[in-house]
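Within every chain, numbering begins at 1; the chains are lettered A, B, ... in the order of the sequence lines, protein sequences first and strands thereafter.
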Amino acid sequence: MSSKQQDPIMQVAAEWWTKLREPHAGDDVVEQWLAWTGEDERHLQAFEQVSALAERLGTLDPMTRHALVRDFARPAPARRRWLPLAAAASMAAAMLSGAVYLAWSQRAASVTTRVYQSGIAQNRDFILPDGTKVALGAASSLRVTYRSGERDVEVRGGEAYFEVVHDRSRPFVVIAGNVTVRDIGTAFDVRRTGERVMVAVTQGRVSIADRGVHASPHDTLEARAGQRVSYDPNASSMTVDIVTPAQVTAWRSDRLEFIDEPLSVVIANLNRYASKPVRVADTDLNLLSYTGTIRTDAIDSWVDALPRVFPLRVSTQAGQVVLSDARHTQR
Amino acid sequence: MKSVTLSMHVSDIEQLFREQNRALIAFLQCRLNSLSDAQEVAQEAYLRMLTMDNREEVDSLRGYLFKIAGNLAIDRLRKRKVRSEFAVVQAQEEPMDEHSPVHHVVAIEQALSVRRALSELPVKTARAFVMHVIEGRDFSHVAQTMKLSERMVRYHVAHALAHCRAQVDETEVP
């Protein structure tokens with residue numbers, strides 16, 4: 001919620017807008033509205049602003065409207081069924097392709113470590129022994145260590161979405177590179193691309209700390225549902241912006257959503273789903289920023305369309321898709 | 001005698017225009033979601049007022065003006081519906097490529113601020129708002145789909161609209 005105080009006149013103007021909009025609203029409604037506009041000149045002004053905003057939003061381009069309707073006006077899609085751990089394990093055993101394999105070792109009676117890994121283009125859901133649900137993205141790897149006093153999950157690469165069973169006596173901590181995420185009763189997504197980490201919260205709160213060598217103990221912040229925190233080892237601080245739960249978990253429905261992210265990060269994550277790896281040949285292309293959706297079943301057509309928006313060339317070399325800077329002279 | 005009555009009537013309408021035009025346009029923009037349509041319909045409403053032949057039966061000129069304008073707006077919405085159904089058939093013949101990067105680069109600036117504002121709202125509030133304002137569903141349709149009363153739908157839409165407006169104000173400040 002915005003911290004900004006809602007303007008009471010604007011609120012009333014918006015209420016009038018919805019009342020007056022009814023095509024068959026009675027004459028008395030119109031009369032009452034006219035009386036209200038006569039009370040104070042700011043009333044009609046606020047009403048005009050509300051009307052103008054509604055018109056502007058109602059006449060956005062069809063693509064934007066389509067996307068907003070898809071993300072906000074449809075009921076939440078049926079949740080994927082979470083496989084209990086045992087089922088996931090037996091499934092993994094059955095799938096010798098190595099899509100998911102679990103390795104576990106009993107270091108001490110009270111410490112259990114498991115490694116969860118997924119193959120390219122393979123998302124996997126499973127449940128940890130404490131009931132915490134994990135959705136693991138493609139080409140991702142987690143090391144889960146449960147001790148009596150703590151539950152540690154290391155994101156070694158890729159992306160995972162957690163619905164944590166809260167246990168005050170046994171904090172749930174996710175470590176991704178220099179970033180630690182401590183749950184305060186929560187569902188959240190962690191994506192690690194090299195040393196860049198993105199944490200997006202869909203429910204509850206988490207506390208996020210920078211463990212980097214140059215970080216001070218004060219480099220901790222709390223993120224709440226609807227917030228996304230990005231950590232870049234080259235930047236001086238973590239940045240916070242806003243995301244919808246639908247955007248955060250879009251990858252679970254085979255769509256990768258990016259909001260203002262460098263092309264290098266986009267391509268690295270796309271490669272977790274691509275049958276043919278994509279390589280960025282010119283490093284200056286990595287500075288380009290991309291916002292949009294990529295369907296994991298239509299990666300090729302997305303790549304083919306890139307030269308229409310970015311100054312780059314797409315070519316295929318030795319089974320790799322190569323993106324090179326079109327501004328450079330043809331070699 | 002007759003010409004005196006007519007010129008009195010004309011000056012009444014002129015006065016009505018001066019005093020009520022802004023409210024009339026706002027009323028019509030709300031109904032039609034289009035300022036240019038609102039201006040056209042208002043013109044037509046004044047024309048009808050000028051040529052009305054039942055002056056003595058009308059006790060409130062202002063009430064009558066808004067009634068005529070409201071009816072003209074209903075006609076226009078009806079015509080628009082016929083046209084948009086035709087347009088939908090046409091649009092389906094062109095593939096929608098929402099995942100192309102071209103689309104996103106163009107639309108994202110606008111969409112992002114709306115998205116931000118909507119994502120700060122309760123799910124139901126955002127849903128009712130998007131269905132009504134963005135998708136163009138009427139309140140009864142939204143109420144039925146969401147299993148809410150129309151009053152609640154209006155409440156959600158109003159709340160979202162005021163919230164979005166506040167966010168826009170915030171971003172417009174340099």
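With values rounded to the nearest 0.5 angstrom, B:R154 atom CZ is found 12.0 Å from A:W17 atom CH2. Annotation: the span from B:C164 atom SG to A:M10 atom CE amounts to 12.0 Å, rounded to 0.5 Å. In this structure, the separation between CG on B:L24 and CG on A:L34 is 9.0 Å, given to the nearest 0.5 Å. In this structure, B:L35 CG and A:R56 CZ are separated by 12.5 Å, a value rounded to the nearest 0.5 Å. To the nearest 0.5 Å, the span separating CD1 on A:I242 from OG on B:S119 amounts to 5.5 Å. Remark: A:L57 CG to B:L161 CG distance equals 7.5 Å, nearest 0.5 Å.
Contacts between A:V69 and chain B at a heavy-atom distance below 4.5 Å involve backbone atoms as well as side-chain atoms. Neither the backbone nor the side chain of A:D304 comes within contact range of chain B, judged by heavy atoms closer than 4.5 Å. The parts of A:A52 that come within reach of chain B are both its backbone and its side chain, each placing non-hydrogen atoms under 4.5 angstrom from that chain. Proximity to chain B (any heavy atom under 4.5 Å) is shown, for A:E257, by neither the backbone nor the side chain. Heavy atoms closer than 4.5 Å to chain B are found nowhere in A:V12, neither backbone nor side chain. Contacts between B:F27 and chain A at a heavy-atom distance below 4.5 Å involve backbone atoms as well as side-chain atoms. Neither the backbone nor the side chain of A:Q227 comes within less than 4.5 Å of any heavy atom in chain B. At a 4.5 Å heavy-atom cutoff, the contact between A:A25 and chain B is made by backbone and side-chain atoms alike. Heavy atoms closer than 4.5 Å to chain A are found in both the backbone and the side chain of B:A26. Proximity to chain A is absent for every atom of B:R151, based on heavy atoms less than 4.5 angstrom apart.
Residues B:C30 and A:W16 are not in side-chain contact: their nearest non-hydrogen atoms beyond the backbone lie 4.5 Å or more apart. In this structure, B:H132 and A:T18 have side chains that are not in contact, with every pair of non-hydrogen atoms separated by 4.5 Å or more. Between A:H24 and B:I74, the closest side-chain pair of non-hydrogen atoms falls below 4.5 Å.
The 12-atom threshold is exceeded at CD of A:E31, counting heavy atoms of other residues, nucleotides or ligands nearer than 6.0 Å. Surrounding CD of A:E41 are at most 12 heavy atoms belonging to other residues, nucleotides or ligands under 6.0 Å away. The environment of OH in B:Y46 is crowded: more than 12 heavy-atom neighbours from other residues, nucleotides or ligands sit within 6.0 Å. Atom CD of A:E222 sits in a crowded spot, with more than 12 heavy atoms from other residues, nucleotides or ligands closer than 6.0 Å.
Panel note: side chain B:R116, backbone A:V243; no donor-acceptor pair is recorded below 3.5 Å.
Using a 4.0 Å cut-off between charged side-chain N and carboxylate O, A:D7 and B:R165 make no salt bridge.
No other option in B:E135, B:R31, B:Q29, B:M131 has as many heavy-atom pairs under 4.5 Å with chain A as B:R31.
The aromatic rings of B:F66 and A:W33 sit perpendicular, their planes meeting at an angle over 60°, well past the 30° parallel limit.
Test B:D138, B:N33, B:V133 against A:R21 for side-chain contact (heavy atoms from CB on, under 4.5 Å) and you get one pass: B:N33.
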